[in-house]
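Note sheet for the following structure.
Sequence positions, counted from 1, serve as the residue numbers for this chain. What you see is a predicted model, and the numbers here were worked out from it, not measured in a lab. Reckoned from all heavy atoms, side chains included, excluding hydrogens, waters and symmetry mates. As the structure lists them, so they are numbered: ligands from 1, and atoms in each ligand from 1.
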Amino acid sequence: MTPTALIFDLDGVITDTAEYHYQAWQRLADEESLPFDRAANERCRGISRRESLLVVLGGRPATDEQMQAMMARKQRYYEESLDLIGPNDLLPGVASLLDTLDAAGIPYALASASKNARPVCERLGIAHRLAALADVYSVERQKPYPDLFRFAAAGLGAPAAGCLVVEDAAAGVEAALAAGMPALALGPADRFGGLLGRGRVTRRDDLRGVTLDELAAAAAFDPVWHVVQTGFAPAAAAELHHTETIFTLGNGRFATRGTFEEGYPGESALTFVHGIWDDMPIVFTELVNLPNWLRLNLTIDGDEFRLDQGRVLDFRRYTDLRAGVLRRAVLWQAPNGKTVDLLFERFIAYPRQHVAAIRVLVTAVSHPCAVAVRAGIDGHVANQDLLHLNLADQGKNGDAVWLRAHTRHTGRAVAVAASLAAETSAADRLPLAPDLCPGYPALSAAADLKPGQTLQLDKLVAITTDRDPSQTSEVADTSEVSTRALAELSGATYDRLRAEHVAAWGAVWREGDVHIEGDDEAQLAMRFNLFHLLAAAPQHDERVSIGAKTLSGYGYRGHVFWDTEIFILPYLIYTFPTLARNMLMYRYHGLPGARRKAAGNGFPGAQFPWESAETGDEVTPTWVPHFSDPKKLVRIWTGDIQIHITADIAYANMQYWRVTGDDAFLRDYGAEMVLDGARFWGERAELEEADGRRRYAIRGVIGPDEYHEHVDNNSFTNYMCRWHLQTALGVYEWLRDRHPAAAADLADRLRLTPETLERWQDVIEHITLLYDADTGLFDQFEGFFDRERIDPEVFRTADRSLQVIFGIEGANERQVLKQADVIMLLCLFRDAFDSRVWQTNWDTYMPITDHRYGSSLGPSFHAWAACEVGLPDEAYAHFMLAARADLRNPRGNAGDGIHAASTGGVWQAAVFGFAGLRPTVDGWTLRPQLPRHWRRLAFTYRANGQPVEVDIQRDEGGEYRVRHTSR
Ligand code: BGC
């Protein structure tokens, strides 16, 4: 990305006046007998004269008057030396770089806190070549504030976000980043400390030999950490909604889609807080869209800032995944002709569960302009067209406004508070005016900006509810919810919140990153998926879980499916076990609902719901509008007969236990889920006599492949049932052995009689498994291979889902899979099957699966499975299909929210597939098979609480070097 323009600092970049400054300070220090040297001078870089003097004084007391006199003396010495400056004093590399820029038509400016910037440039002979010059007199707030660089960009007439800053001081680099600009940092690495790790900062010793390509690389977004959108011209709502989804932010308690602060026609704005449900027709219950806290409207000389009006001259939006921060830079010309350069930055605080913040920089570009801002809380929101909130109350408190509402059916209280700080100088805040428009309280401010001047707006927000597990006490009455929201904001500042937030994400990535070398797209996609998984993973709440669309869209209404246990949880189990535990506890708290479901169907025990929400009762809709003709209704059977979820939850419990060794969890919670689930299976499997043989059948189900409904003896379901019952017997024995009191308690409560256990054993021994020992083939279900075969050409050429092409009934009657079914089973029990079984089933089912338009759950497991059959490059194709599910939107439905299962699936494909991590009797082993072009795959997992590092590297010759060590 070639920079639109460059902005140079002066001292230490263009010329070494830094050296003259040093000599002037040194002379002063020597005269005053102060111990000062070059090392101490390093600390004077980029800071004001007064601060530099304090460094020189090194703690020696001095009156203000003495300090003034010393500063004047130093300035005199400095100015004397300036007379000596000439064109030969350009630092090495500068002259040729300026020539290169001139030749390429890239303008450049100078931005320096120096009082002598202009005369120095004149003596250097470059003043006339500068397109703009910003010095200490240009702005009120100096570096590390962003104002000076934004002033320079305005002078250049270039979008601030397109300017590359060249700096030699840490404070200057910080100012560049704050201004929304990438930086080229000149000098030794230790001078810039942590700034170098923040992305968009490239370091060099000096400008010698710098090329345009290098400048372009420095100006580019970080390809492995930044999710980027450049240019704004959504052709269709789907495109707008897709970007809203991918720019969602969240902190595991609440999340907000990436809609614009000022709004946009047709937007699908949304803030979901885990656990805030309300009733609705058809789908029973859904997460409630909370008041829109993003709202921040600007007028520029009376014209409202909106992207559908005026001219968008430049647009760049990106999430910095490493920092958990979303930014949008817009150069916008109002219909009245005035141009402003805007930088919006926002985050949802990861360590402060109730808090979010927005900072906006508004810079007047060519003309003076009057800016008016209105920052509010929009309570007039709905879930698409359905209203869930009754507004209760609102008010103002100091520099904050607040609003409280109640959900219509469930009566939950929610409150949002917002504060605003507006400033154009570090010294003064602009006065705020409250505006208590009903349902939309706001704070207003106004500023008259000179060209190049920047207005900074900090909006801090808190969202509280009356269900709040992280609060130590219950709310006494609902009005307390708004008091708590206001309390969250008191004393908070944007910069402090941001620093805490960025540090928290840093810690998360240290534990949870997966490092891929040799493939920037895969690396970015991996991080993107983990970011969204973590943005929805509850940190402090064990009564909520991650829905099929995380917290990022209306799809599936926030409901929780098997996606959570089979796809998402493994990442958390292996990396953040406390988060995994929270989500398993969600299922534990859902046991009463699961028992009601089993009883309703005439079974004992716990039958977990296919779709789950607040209580653990079944919330799958029974009828929904047909996908191609909404006037027709389609009967949804999954809630009735997709029963494998009960075993899937047991599977997740056991995986958690095996990886973490958390015996207390299994004793107190896990065992009950496993055993009560087993009671359901024990009766759900029906005894049949056939050909004089006893066997158990499970009839009338839906397996993972939902293109086939009402099938009998689905191999996945039956195998899971058998495994579940075996596991239950094992867990019960373990309990009796290790924790007899807990075993007795469960035996009593769950009525685990000897007959029950015998029945389980009988089912284990006689359940139907449609497995051909000669070929190793599993029939997906009884009669699957009697169904009509499809011409392979259809799979190759289909441009829609095969269920759309053939119709619901048509797909049901054919040999076509929506997603992995037998293949899924093989993955979950990979070591139970030899290579022949793997190969036969792979060869049979992969060619008849709807890979592109079937379920988004398929590709990640197909990638893993491909590794099991030794096809890492084929695995890669499936892996990328999963990894891109939201970033590229190949199915066209990413606007409904992030494909949550895929986020965890890509981790499993990398870790279980490409790295081949597996528990064996000899401990954890690896079997690396990286895609051809990957050079490295590294990650950390926790086994029995201990972090273990995996680092797989591959050299040119294809040899692996593997490190697998406890930290
Ligand atoms: C898939 C299911 C999945 C659900 C929610 C369906 O399309 O077939 O396996 O649980 O979506 O993601």
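A tilted orientation is assigned to the rings of Y574 and W907, their planes being inclined by 30° to 60°. Ring geometry for Y845 versus F785: interplanar angle of 30 to 60°, hence tilted.
Between atom CD of residue E618 and atom CD of residue E611 there is a gap of 6.5 Å, rounded to the nearest 0.5 Å. A distance of 7.0 Å separates CE of M720 from OH of Y651, quoted to the nearest 0.5 Å.
Screening R412, R543, R557 for a salt bridge (Lys or Arg N to Asp or Glu O under 4.0 Å) with E614, the sole residue that qualifies is R412.
For ligand 1, the protein residues within 4.0 angstrom (heavy atoms only) are A548, Y556, F561, W562, D563, W610, E706, K818, Q819, S855, L857.
The side-chain heavy atoms of L579 and L534, taken from C-beta on, include a pair separated by under 4.5 Å.
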